[in-house]
Amino acid sequence: MCGMASAESTQASVHEREPVRPTKEDEVAAAGSELIGGPLGRRALLGSSWWTPVRVIALVAIGMFALGLVQKAPCYNGAWFFGASSQYTHACYSDIPHLYQGRGFADGLVPYFDRLPGDMQYLEYPVLTGVFMEVASWLTPGSGTIQYQEQWYWMVNAGMLMVCAAVIVVCVTRTHARRPWDGLLVALAPAAALTATINWDLLAVALTAAAMLMWSRGRSLAFGVLLGLATAAKLYPFLLLGPLMVLCWRTGRWREFGKALGGAIVAWAVVNGPVMLFAFDGWSKFYTFSQERGVDFGSFWLIMAQNSDDPLSTDTVNTLATLLMLVCCAAVAALALTAPRRPRFAQLAFLIVAAFILTNKVYSPQYVLWLVPLAALARPKWRDFLIWQVCEVAYFLGIWLYLAYTTSGDAHKGLPTDGYHWAIGLHLLGTLYLCVMVVRDIFMPDRDPVRRSGDDDPSGGVLDGAEDVFVLGPAACPRRQVVDARFDGPPVEWGKPGPTGGSL
């Protein structure tokens, strides 16, 4: 028998310690800071100016968002409307202008209630996203040519999505109180700027980031409400409840988890209930479309299908993808309960969403937005973040060049199928690389940038510094610390044993 492992109590309150300066601990950040005068000095007066980190980062994010809008200019000026492949060769495609007319907003149809002409009978988006789209249509002039209206619709949506982008960086900046400058990872992410206005994913990402901030402040009910709203906008946010449940199991924080779960269910039901009750066929279209949709862009399933004489059926892929995801969920749960030191919430949140992306039968380029804030919280290391971003930018270019190739007829201008498969492979490898780095941090806390700076789990809320009450295997022996012999930094403190004992 040995003492139950503690999740590390911090040496002092967050408010009593200095903020972490990435230019001091991250060589890439230090090198990049030379562009603006070099790293902060020891005597710099932090927080004494109007230019606080959160304001600086928010303005940087808005600037990068604006650059993303400029990148869409060739499409705004004509490529969306004239020629099938021009929007792909310019890599500026967006669903937003096309769906203004294609989903009935130009004709004043009510999402989910009014049947659409054509193959898509109802709007195939979750309810809160549908509300977002409808509000943008109310702000779009109903006069003028359809091209003029679609341009307006895209600009209105871009303005609303820019607010979401600002919310995301502010929430990430404030989640880790001592590490505000980690928000620059999100603000400067090139893949995020390129994909921000392809679709409406930023709404769900903003609500998820706000939920993470609330959990870090110990407000479990507010976390649940925001996560429920995020799930009403996109399906993936509910996945965060899984790792949170396991972490609360390990620490015995069932009451807080119950409040979070209850808040999520009620918030989701409030948004979905009326539509489900009065327009069930329209409400269910998102779920039936997701199930019936075949293997699509960006997934390893597509590589298999395009290299097979007898590709798997959609039902078979659905079953296999679900099984793979369940295996990943079991692996994340095992990691949470057996790691020598309890993983941070952001680490497991990143891993579970990454697993969903890697095993899913489709990967649209804007899905990278789901991971950007979680990656900044889980692995705030500029080198690894940028390696992943390079892979995602390569995929962003690859999918549009592939579509240019397939829509250019006999001219075949663009990237052929084999080249597109390499782009998919880069995306998969980049995401897997970041997952490996996060898992290594879990097993070797001395490598974790957050814990090396003296924190336990700053995004963990009630989990931060909490003692373990249930662990499995070697985790029950807190002194069996795993240290990377090649790392020459100071060892991370492991905390004290919990009040209960016993190995399982």
Side-chain angles (χ1 to χ4, degrees), residues 5-12 14 17-30 172 175-186 212 215-216 243-244 246-247 250-251 332 335-354 371-388 432-461 463-466 468 471 474-475 478-495:
S6 166
E8 308 69 50
S9 55
T10 55
Q11 291 97 345
V14 164
R17 288 180 289 171
E18 294 183 358
V20 175
R21 291 177 288 177
T23 53
K24 182 180 179 181
E25 65 173 25
D26 191 307
E27 59 277 7
V28 176
V172 172
T175 296
H176 287 179
R178 292 185 60 233
R179 305 183 60 90
W181 293 108
D182 289 344
L184 275 178
L185 291 164
V186 181
M212 293 287 291
W215 183 263
S216 73
L244 184 62
V246 180
L247 291 173
R250 181 161 174 164
T251 57
V332 170
L335 182 64
L337 293 175
T338 62
R341 180 174 182 176
R342 189 181 63 252
R344 294 187 289 109
F345 178 36
Q347 291 175 321
L348 296 189
F350 171 82
L351 290 176
I352 202 69
V353 176
L371 284 178
V372 168
L374 297 176
L377 295 173
R379 177 69 179 165
K381 190 75 172 176
W382 279 90
R383 182 200 64 184
D384 298 330
F385 189 87
L386 291 176
I387 289 173
W388 170 57
L432 282 170
Y433 169 77
L434 205 53
C435 289
V436 169
M437 293 295 102
V438 171
V439 172
R440 187 188 68 170
D441 287 347
I442 291 173
F443 282 110
M444 298 180 177
D446 298 86
R447 292 280 184 170
D448 181 0
V450 175
R451 285 182 163 162
R452 281 172 55 192
S453 63
D455 289 314
D456 173 28
D457 188 1
S459 61
L463 304 173
D464 187 24
D468 291 335
V471 291
R479 299 306 173 190
R480 294 178 62 180
Q481 181 173 0
V482 181
V483 179
D484 189 342
R486 296 169 296 176
F487 177 65
D488 57 3
V492 172
E493 294 294 331
W494 283 74

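Values below: every heavy atom of this structure, side chains too, minus hydrogens, waters and symmetry copies.
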>> As a quick check of understanding, evaluate side chain to side chain contact (heavy atoms under 4.5 Å, CB included) for L348 and V246, giving each step before the final call.
In response: CA-CA 10 Å; L348 296 189; V246 180; 5.7 Å; no
>> Pair L244, L463 - check side chain to side chain contact (heavy atoms under 4.5 Å, CB included), show working.
In response: CA-CA 10 Å; L244 184 62; L463 304 173; 4.2 Å; yes
>> Go through it in stages, so that I can follow the logic: the residues are F345 and D464, the test is side chain to side chain contact (heavy atoms under 4.5 Å, CB included), and I'd like the CA-CA distance, side-chain angles, deciding distance and then a yes or no.
In response: CA-CA 9 Å; F345 178 36; D464 187 24; over 6 Å; no
> Yes or no on side chain to side chain contact (heavy atoms under 4.5 Å, CB included) for L434 and L371, after CA distance, side-chain angles and deciding distance?
Replying inline: CA-CA 11 Å; L434 205 53; L371 284 178; over 6 Å; no
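In terms of heavy-atom proximity, Q347 sits nearest to D448 at NE2-OD2, 3.3 Å. Taking every heavy atom of both residues into account, R452 and P445 meet most closely at CG-O, 4.2 Å. In terms of heavy atoms, P340 sits closest to F443 at CD-CD2, 4.0 Å. Nearest heavy atoms, R179 versus P449: NH1-O, 3.3 Å.
In summary, R178 and D455 engage in a salt bridge, as defined by a charged side-chain N under 4.0 Å from a carboxylate O. The existence of a salt bridge linking R451 and D456 is confirmed by a sub-4.0 Å separation between a basic side-chain nitrogen and an acidic carboxylate oxygen. Using a 4.0 Å cut-off between charged nitrogen and carboxylate oxygen, D384 and K381 do not count as a salt-bridge pair.
Expressed to the nearest 0.5 Å, how far CG of L374 lies from CD1 of I352 amounts to 11.5 Å.
No side-chain heavy atom of P458 sits less than 4.5 Å from a side-chain heavy atom of T175. For the pair F385 and P380, the minimum side-chain heavy-atom distance is 4.5 Å or more.
Screening T251, D457, D468 for a side-chain hydrogen bond (donor to acceptor under 3.5 Å, both in side chains) with R342, the sole residue that qualifies is D468.
R344 places a side-chain N or O within donor-acceptor distance of the main-chain N or O of A378, the cut-off being under 3.5 Å.
Under the side-chain contact (heavy atoms from CB on, under 4.5 Å) criterion, A376 pairs with V172, L185, V186, sequence neighbours left out. In this view, W215 satisfies the side-chain hydrogen bond (donor to acceptor under 3.5 Å, both in side chains) rule with no residue, not counting sequence neighbours. Partners of D441 by side-chain hydrogen bond (donor to acceptor under 3.5 Å, both in side chains), not counting sequence neighbours, listed by chain and number: R379.
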